**Q** 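Have a look at this one.
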Amino acid sequence: MANQSRRNFLKTSALIGAGLTGVSSKPAKAAPNNILDENRMGVLVDTTVCIGCRKCEWACKTAHNLSAQSIESYNDRSVFKNMRRPDDKTLTVVNEYAAKGDDQFPVDVKVQCMHCDKPACVSACIVGAFSKEKNGSVIWNGDRCIGCRYCMVACPFQVPAFEYGKAIQPEVRKCDFCFDRTKDGKLPACVEICPMEVLTYGRREELIDLAHQKISLYPDRYVNNVYGEHEVGGTSWLYLAGRDFHELQFPKLGTNPAPGVSEAIQHGIFAYFVPPIALYALFGGVMWLNKNRKQDEHKEANHE
Ligand code: SF4
Ligand code: SF4
Ligand code: SF4
């Protein structure tokens, strides 16, 4: 009986497969729109001058029509008691790390999507809902998203957030590099408001040069490392700091891009426009087969 069921499943799988490959003669590959334009933009964050005023948080919320309290309320520093992560209601947060010695100050670090050059979210998304744009922004397209949340699992910085509290059409939210502003030549809202010029917006290549110039000029002020220059293949947001980045909870990442196995499997399948429902049917079938195989083995073992 089990063998009969297996044969039926394999036949059904073959039919599904045959039907799928016949769905479209035109491969609709969900490959990343991974244009690495030499003029792509970035932001250099100099954490040594940030005062933790959190005006960037307020400006980000306001620019994205997210509920924000009055700008004065952002002076409340009790928020720094806890480490925070960006979420679906706050696309960027500032965390504060206590001073280490008498001659040191606390370090304030703004956190948001890093806009990777080889974004794992783009690679993991099986329907191409994420794209790396010419100006460096990594953005999400709600019309394509099927809510699988692979992007959240894939991101090495744990950035994309899902609107779990929203019953109808929940979205994946993250910093979009103010794409609606920057595509028209405006500054990102957080960069525009920062009173300390912590955030420098410019061509990524020039920002890297600037960062190294600052390190050379002020070797006592900065550690000799520009975070994001090489991590996971490079990111559009780059950081300078006066302390080891790991003390400031920057993840220790290699230079290879994070996209890997998931990209090979998912884009390989989607090259032939296999719709998600069919994929789930196939994966479900494989799981069902495995379960039956284990049951058969168990029965055979008991029999012997
Ligand atoms: S607005 Fe500028 S100084 Fe204020 S917290 Fe943000 S990055 Fe730091
Ligand atoms: S930080 Fe995460 S969400 Fe942002 S571009 Fe990189 S992989 Fe995508
Ligand atoms: S670039 Fe725009 S979306 Fe990203 S943190 Fe700054 S204000 Fe928010």
Side-chain angles (χ1 to χ4, degrees), residues 32-34 40-66 68 71 74-75 77 79-80 85-86 89-96 106-125 129-133 135-140 149-162 172-183 186-201 227-228 231-237 239-240 250-251 253 257-260 262-263:
N33 181 25
N34 209 359
R40 66 192 179 282
M41 306 298 275
V43 169
L44 177 61
V45 185
D46 187 342
T47 61
T48 67
V49 287
C50 179
I51 56 171
C53 68
R54 296 170 57 228
K55 287 192 166 58
C56 49
E57 286 187 27
W58 178 86
C60 180
K61 282 190 178 235
T62 307
H64 290 80
N65 297 320
L66 291 163
I71 194 162
Y74 282 73
N75 294 329
R77 299 187 79 87
V79 73
F80 292 134
R85 298 286 315 159
K89 296 177 182 62
T90 309
L91 309 183
T92 185
V93 297
V94 179
N95 286 317
E96 188 168 86
V107 182
D108 296 285
V109 179
K110 179 184 181 301
V111 182
Q112 71 299 302
C113 169
M114 298 289 283
H115 297 275
C116 307
D117 275 352
K118 311 270 172 56
C121 55
V122 173
S123 297
C125 181
F130 277 90
S131 58
K132 173 81 174 171
E133 298 298 319
N135 73 355
S137 311
V138 175
I139 59 171
W140 173 83
R149 283 161 271 160
Y150 284 156
C151 52
M152 294 170 66
V153 178
C155 173
F157 299 99
Q158 301 176 345
V159 165
F162 191 69
V172 174
R173 303 302 306 263
K174 70 170 199 68
C175 155
D176 59 1
F177 213 163
C178 284
F179 187 65
D180 282 345
R181 295 168 60 98
T182 54
K183 72 178 168 44
K186 292 186 195 155
L187 287 174
C190 55
V191 174
E192 189 175 70
I193 202 168
C194 178
M196 300 302 291
E197 298 185 9
V198 172
L199 311 169
T200 307
Y201 180 71
Y227 191 93
E231 278 75 11
V232 287
T235 59
S236 285
W237 280 65
Y239 285 78
L240 284 171
F250 283 76
L253 299 166
S262 60
E263 179 178 30

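Whatever order the structure lists them in is the order used to number ligands and atoms, beginning at 1. Note that the coordinates shown come from a computational prediction; the quantities given were computed from them, not determined experimentally.
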**Q** Can you list the ligand 2 atoms lying under 4.0 Å from a non-hydrogen atom of Phe157?
**A**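 Under 4.0 Å from Phe157, ligand 2 has these atoms: 1 (S).
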
**Q** Step through the shown structure and confirm whether more than 12 heavy atoms of other residues, nucleotides or ligands are within 6.0 Å of NZ on Lys186.
**A** no

**Q** Let me check your reading of the structure: within less than 2.8 Å of atom 2 (Fe) of ligand 2, is there an N/O/S atom from Cys155?
**A**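 Yes, Cys155 qualifies, because one of its backbone or side-chain N, O or S atoms lies under 2.8 Å.
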
**Q** What residue and atom, counting heavy atoms only, is the protein's closest point to atom 2 (Fe) of ligand 3, and at what distance?
**A** Cys178 SG, 2.3 Å

**Q** Report yes or no: does Lys174 contribute a side-chain atom to a donor-acceptor pair with the main-chain N or O of Gln112 at less than 3.5 Å?
**A** no

**Q** Less than 4.0 Å is my threshold; does some heavy atom of Pro156 fall inside it relative to ligand 2?
**A**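 For ligand 2, residue contact (heavy atoms, under 4.0 Å) with Pro156 is present.
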
**Q** Would you mind listing which atoms of ligand 3 come within a distance below 4.0 Å of any non-hydrogen atom of Thr92?
**A** 5 (S)

**Q** Examine ligand 1 and decide if any of its atoms is less than 4.0 Å from a heavy atom belonging to Ala59.
**A** no

**Q** Going by the atom numbers of ligand 3, which of them fall below 4.0 Å from some non-hydrogen atom of Pro188?
**A**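 Once the distances to Pro188 are compared, the set is 1 (S).
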
**Q** Counting N and O atoms only, with roles assigned by atom type, does the side chain of Thr235 sit under 3.5 Å from a partner on the main chain of His115, one being a donor and the other an acceptor?
**A**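 Judged by distance alone, no pair lies under 3.5 Å.
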
**Q** Could you list which atoms of ligand 3 come closer than 4.0 Å to a heavy atom of Asp176?
**A**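 That gives atoms 3 (S) of ligand 3.
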
**Q** By number and element, which atoms of ligand 1 are closer than 4.0 Å to a non-hydrogen atom of Arg54?
**A**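 So the atoms of ligand 1 that pass are 4 (Fe), 5 (S).
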
**Q** Treating Glu192 as the side-chain partner and Ala189 as the backbone partner, does any N or O pair qualify as donor plus acceptor under 3.5 Å?
**A**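 Here the side-chain-to-backbone pair does not exist.
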
**Q** So, 2.8 Å as the limit: is an N/O/S atom of Cys53 located closer than that to atom 4 (Fe) of ligand 1?
**A** yes

**Q** Closer than 4.0 Å to some heavy atom of Ala120 - which atoms of ligand 2 meet that?
**A**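 It comes down to these atoms of ligand 2: 7 (S).
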
**Q** How far is atom 6 (Fe) of ligand 2 from its nearest protein heavy atom, and which residue and atom is that?
**A**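 The protein heavy atom lying closest is Cys116 SG, 2.3 Å.
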
**Q** Indicate, as side chain, backbone, both or neither, the part of Val43 found under 4.0 angstrom from ligand 3 when only non-hydrogen atoms are considered.
**A**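 No part of Val43 is near ligand 3 at this cut-off.
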
**Q** Would you mind checking which non-hydrogen protein atom is closest to atom 8 (Fe) of ligand 3, with the distance to 0.1 Å?
**A** Cys60 SG, 2.3 Å

**Q** With a cut-off of 4.0 Å, which atoms of ligand 1 are near a heavy atom of Cys194?
**A**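 This gives 1 (S), 2 (Fe), 3 (S), 7 (S) as the contact atoms.
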
**Q** Does Glu57 approach ligand 3 within less than 4.0 angstrom via side chain, backbone, both or neither, non-hydrogen atoms only?
**A**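 The answer is neither; Glu57 stays 4.0 Å or more away.
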
**Q** Can you tell me the protein heavy atom closest to atom 5 (S) of ligand 3 and the distance?
**A** Lys110 NZ, 3.3 Å

**Q** Which pair of non-hydrogen atoms, one from Val198 and one from Cys50, has the smallest distance, and what is that distance?
**A** CG2-CA, 3.4 Å

**Q** Work out which heavy atom in Pro188 is nearest to a heavy atom in Arg181; give both atom names and the distance.
**A** C-NE, 3.9 Å

**Q** Might you point out which heavy atoms bring Gly52 and Val94 nearest each other, and give the distance in Å?
**A** CA-CG1, 4.3 Å

**Q** Does Glu96 come within less than 4.0 Å of Arg77, counting only side-chain N to carboxylate O?
**A** yes

**Q** Would you say that Leu240 contacts Thr48 through its side chain, given a criterion of any heavy-atom pair below 4.5 Å between the two side chains?
**A** no

**Q** Need the ligand 2 atom indices (1-based, order shown) with element for anything under 4.0 Å from a heavy-atom of Val138.
**A**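 Ligand 2 atoms under the 4.0 Å threshold to Val138: 5 (S).
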
**Q** Using ring centroids (six-membered ring only for Trp), state whether Tyr227 and Trp237 fall under 6.0 Å.
**A** no

**Q** Among all protein heavy atoms, pick the one closest to atom 4 (Fe) of ligand 2 and tell me residue, atom and distance.
**A** Cys113 SG, 2.3 Å

**Q** Identify the two heavy atoms, one from Cys116 and one from Val138, that lie closest to each other, and give their separation to 0.1 Å.
**A**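 So the minimum-distance heavy-atom pair works out to O-CG2, 3.8 Å.
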
**Q** So between Cys50, Pro195, Cys190, whose heavy atom ends up nearest atom 7 (S) of ligand 1?
**A** Cys50

**Q** Which pair of non-hydrogen atoms, one from Thr90 and one from Glu57, has the smallest distance, and what is that distance?
**A** CG2-OE1, 4.4 Å

**Q** Could you tell me whether a side-chain N or O of Lys55 sits under 3.5 Å from a main-chain N or O of Cys190, the two making a donor and an acceptor?
**A** no

**Q** Pick one of side chain, backbone, both or neither for how His64 approaches ligand 3, counting any non-hydrogen atom pair under 4.0 Å.
**A** side chain

**Q** Check each atom of ligand 2 against the heavy atoms of Pro160 and keep those under 4.0 Å away; list them by number with element.
**A** 3 (S)

**Q** Identify, by atom number and element, the atoms of ligand 1 in contact range of Ile51, meaning under 4.0 Å from any of its heavy atoms.
**A** 3 (S)

**Q** Under a 4.0 Å heavy-atom limit, does Lys174 contact ligand 2 with its side chain, its backbone, both, or neither?
**A** side chain

**Q** I need the minimum non-hydrogen distance between Ile51 and Asp108, along with the two atoms involved.
**A** C-OD2, 3.6 Å

**Q** Look at the N, O or S atoms of Cys121, main chain and side chain alike, and state whether any lies under 2.8 Å from atom 8 (Fe) of ligand 2.
**A**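 So Cys121 does bind atom 8 (Fe) of ligand 2 by this criterion.
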
**Q** So, Thr62 side chain and Trp58 main chain: donor-acceptor pair closer than 3.5 Å or not?
**A**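 Yes: the side chain of Thr62 pairs with the backbone of Trp58.
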
**Q** State if Asp108 counts as touching ligand 1 under the rule of any non-hydrogen atom under 4.0 Å.
**A**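 No heavy atom of Asp108 comes that close to ligand 1.
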
